Structure formats: structure tokens, C-alpha cells
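All values derive from a computational prediction rather than experimental measurement. A note on names: the letters A, B, ... follow the listed sequences, proteins ahead of strands, and every chain is numbered from 1.
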There are 2 protein chains.
Amino acid sequence: MEIEEILDRIDPMPQPFQQKLIQELKLITVPKGHLLMSADRLADQVYFIRKGVVRAYVLHQEREITFWFGQEGDIAMSMNSFTIRKAAFEFLEALESTEVYAIAIETLQDLYRQDLYLANWGRKFAESELRLAEERFTARQFKTARERYEDFLNNYPGLLQRVQLGYIASYLGISQVSLSRIRMKPVGLTSSPRG
Amino acid sequence: MEIEEILDRIDPMPQPFQQKLIQELKLITVPKGHLLMSADRLADQVYFIRKGVVRAYVLHQEREITFWFGQEGDIAMSMNSFTIRKAAFEFLEALESTEVYAIAIETLQDLYRQDLYLANWGRKFAESELRLAEERFTARQFKTARERYEDFLNNYPGLLQRVQLGYIASYLGISQVSLSRIRMKPVGLTSSPRG
DNA sequence: TAAACTTTTTTACAAATGTTAAAAAAAGCG
DNA sequence: CGCTTTTTTTAACATTTGTAAAAAAGTTTA
């Protein structure tokens, strides 16, 4: 996906202002397994995904917890590192050979501070991510694991084929065994009294 | 808490720009139990909490799920209603007699579009909320219910005394019975083999 | 293509959490 | 106050989900 389209997905802005951002980008390609970002280090880049799939995960007691997937058109950054300029807590890993447009966080911050259109673009980006995060957070609370799995299939068509199930289970907040149990039984066949 | 302080908590901006926002605010007082916002209606106001406690909750199958608390200095808005101009999915309820500074969403949107400082203030607001949401989302995944309860006590000192436990249990993602079990046993005394 | 490795499913069991209902405690109110 | 209502705790039981380990399936590589 080309960069103009990625930017427009968040909020279209007049050409000249868009170009101010595009000018600063560098297209890089990373192999499967490459870490674009590591925990305990200051994240200094923001990535616009042109091609490929990445996941963000945290490491907790020897265990990886995947909490975000990004594919073509998505934007990856450590909000933690960006806002409070502290070391990131997450890893960002390419799950396929992946092409990203990269920009230094410092440069992006400068653009935001200088330009009204870009500042509002950045605002809309954060707002839309926040909206998704809230939706996902509440869904985690009142939807069953099976419903969340079905939502995942609908919201990320094709991703099931590109991402291994262990990562998806963790993303859904369940163990891989539970996910396997869900997939085993056909949809709609839950453990009702006389199931 | 006065409005200047509430705004500065997100990001300080030069006086004249801050005043552009403050000019538009109306201070209102609502009694305990009042709904500042209701699901299935377009949320048309943003609230800056001067005094009191509010909660945001969703209604799912006869059941209320509290997912956010706000107190002095916090800012309440329906990000869903704000960004995609759809009906809100959440309720916003005052848990005490509460004073809020209110501004129409439309007015705030206009201010953002016109002014660089305000646009960046709005961006930082969304970014910091997003950062908190991510933190809470991952914590939900790898912390036990007891740890989340302890985090709540640390992150919201005094709120335990102002909010009933049923709401807190729901906020923590557990049943009220579970919360009661946690509170029953002293800290550190978990169910170990010879507990 | 055989061996080595990784991923997914299955099994058996343990632990955590939910549900419903009732008792106890606390808060609200005339 | 004492009665009523609400909130919190406790109890008993059912269910979900997790863990660890093994089997099966699928991939990779020499």
C-alpha cells in the first residue's frame, strides 16, 4: 500500500502538507523475524506498513503476550516511548518479510509542533487508535473467547493464514489450548446443558 | 481543581490559546446518579471534572460493565461519538454530586481545526489516554486479579472509599464475589500448595 | 526424502473464577 | 432510632480456563 493511501486512511490533508511528512520517510525492508523495536530501549522510529505483517508483544515471565497486529496500511509506534520518552515495554516483530516507511520520532514531533494539518492528522491517528483500544478492551470483558475469535476472523480477514495460532491465542487473551478447543468445535455449538 | 490546572496536566500551552478554550466552557453541577451521557445517543459534550467522581459503563445483557473512572482533573468524553459521530455506546454517571466544565464537541472540533496549540493539546490528550489504555490492556492479560486490585489501590488512592465495590470489581474484570475473596485474604497470602 | 525442528491438537488434571442464593453488614430515611 | 433498602460477604457448586506433557501434523533443511 502506498504512503499517500496510508496517510489518507487516518485523515486526508492537502497535498503540500502531506508531502512535508512524506519527504522525511525512508523505505526499508526487513526479513521475517526482524525486531523493528525492542523493549527496554528508547523507540526512535515510527513505521508505516507498506507490505507485510508485524506484531507487538510484551515479555512477561518468560512468556510473550501479543497485543497488536499490523498489516498493510497500519501504523506502528510505541505510544509509551513517544509520549513520555521512556524506554519501550514492547517488541515489534516482522512476521513476514516486511516493507515499512520509517520516520524518526523526533522528526515527527517537530512536524506536529510546526504544522496545523499535521498536528490534526496526529490527533486523529491517536484518537482512532484510542477508539479501537476502548472497543477491544470492553469486548474483552463481555464477549466470550469464542466470540472474540469470530470477531478476529471478521476484523482481520486473511490474517489467520499469515499468523501462527499461538500469537492469535495470546492476542485474544486465551491459552493456545483454549483456542484449539474453540476451533475444534463448530460455530454455535457451545457447551449448553444438553450440548 | 481549576480548569487551568486540568488543561496543564495534559500539556501546558500559552495563556491566550488556553483562554480560547476556557471561554467556551460552562460550569455545571449534577447530583449523584445523574447521567452526563447515555448510550445510543450522540454524545455532544466533553467534560472536565472539577469536583466529584464519575464512571463510564456499558450495558450488556442486563449487566453493567464499568470500564473507566474519572475524578478531579480527569477529562471525560466518548471517543467513539467524537471521532466517528455515531451514537455513544457508553453511559457516564456521576457517583457523587459532581461539578464539571462542559464544552460542546462541535466547538472543540472547531478549535482544534483552527489553532495549532489546541490541536497539539488535543493530540497529547488522545495520546496519553491511549498510552494508559494500552498499559491497562496488557496488565489485564498478565497480572492476576489480586495484582490488578493492588494496582488500583495505588493508582487511584482514595477512590476505594468513594466508589462501591461492585463497580470496582467490574472495572477490574472480575465478579464481585471474586473481589470479595481477594479482600478477605491478606496480601501475599495466595493459595500456594501449603497456603 | 529423511531427520530435526516447530507448531498445533489432544489428554488429563488442577486451579481460578463465575453463578446463584442466602446471610451479614452498612447505609439511607422517615 | 428502628425499619427498609442497598451493598458486601459467605457458601456451595458448576464451569471455564489454564498447565504440563504427549501425540500428531506440518515445515524446514541438509
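Across all strands, B:Ser178 comes closer than 4.0 Å only to sugar-phosphate atoms, never to a base (heavy-atom distances). Using a 4.0 Å heavy-atom distance criterion, B:Arg63 is classed as a sugar-phosphate-only contact. Within the 4.0 angstrom heavy-atom criterion, no nucleotide atom of any strand lies near B:Leu179.
Distance from the side chain of A:Val177 is smallest to C:dT10 among C:dT10, C:dT7, D:dA11. The side chain of A:Ser175 approaches D:dG18 more closely than any other nucleotide in the set D:dT7, D:dG18, D:dA20. The side chain of A:Met184 approaches C:dT10 more closely than any other nucleotide in the set C:dT10, C:dT8, D:dT8. When distances are taken from the side chain of A:Arg183 to each of C:dT17, C:dT9, D:dT9, the shortest belongs to C:dT9.
Judged by distance alone, with hydrogens and angles left aside, the side-chain atoms of B:Glu147 form a donor-acceptor pair with the main-chain N or O of B:Thr144 at under 3.5 Å. Not a single donor-acceptor pair under 3.5 Å links the side chain of A:Trp121 to the backbone N or O of A:Pro12. At least one donor-acceptor pair closer than 3.5 Å links the side chain of B:Gln141 to the backbone N or O of A:Ser170.
Summary of the strand contacts: B:Arg181 and A:Gln176 both lie near DNA chain C, and taking for each the nucleotide with the nearest heavy atom, the more 5' one is attributed to A:Gln176.
Taking OG1 from B:Thr98 and CD from B:Gln71, the interatomic distance works out to 11.0 Å, rounded to the nearest 0.5 Å.
The CD1 atom of A:Ile182 sits 15 Å away from the C1' atom of C:dT10 (whole-angstrom rounding). If you measure from atom CZ of B:Arg148 to atom P of C:dA16, you get 14 Å, rounded to the nearest angstrom. Between the P atom of C:dA16 and the CD atom of B:Glu147 lies a distance of 13 Å, rounded to the nearest Å. Nucleotide C:dT17 holds its C1' atom 16 Å from the CD1 atom of A:Ile174, rounded to whole Å. Atom P of nucleotide D:dT8 and atom CD of B:Gln161 are separated by 12 Å, given to the nearest angstrom. Residue B:Leu165 contributes atom CG, which lies 12 Å from atom P of D:dT10 at whole-angstrom precision. Distance A:Arg140 CZ to D:dT17 P: 12 Å, rounded to the nearest Å. Remark: P of D:dT6 and CD of B:Glu64 are 14 Å apart, rounded to the nearest angstrom.
Remark: B:Arg85 engages B:Glu106 in a salt bridge, criterion side-chain N to carboxylate O under 4.0 Å. A salt bridge links B:Arg123 and B:Glu127; the closest N-O separation between the charged side-chain nitrogens and carboxylate oxygens is under 4.0 Å. Ion pairing between A:Arg50 and A:Glu5 fails under the 4.0 Å rule for side-chain N and carboxylate O.
Axis angle across the helix from C:dT1-D:dA30 to C:dG30-D:dC1, with five pairs used at each end and values rounded to 10°: 50°.
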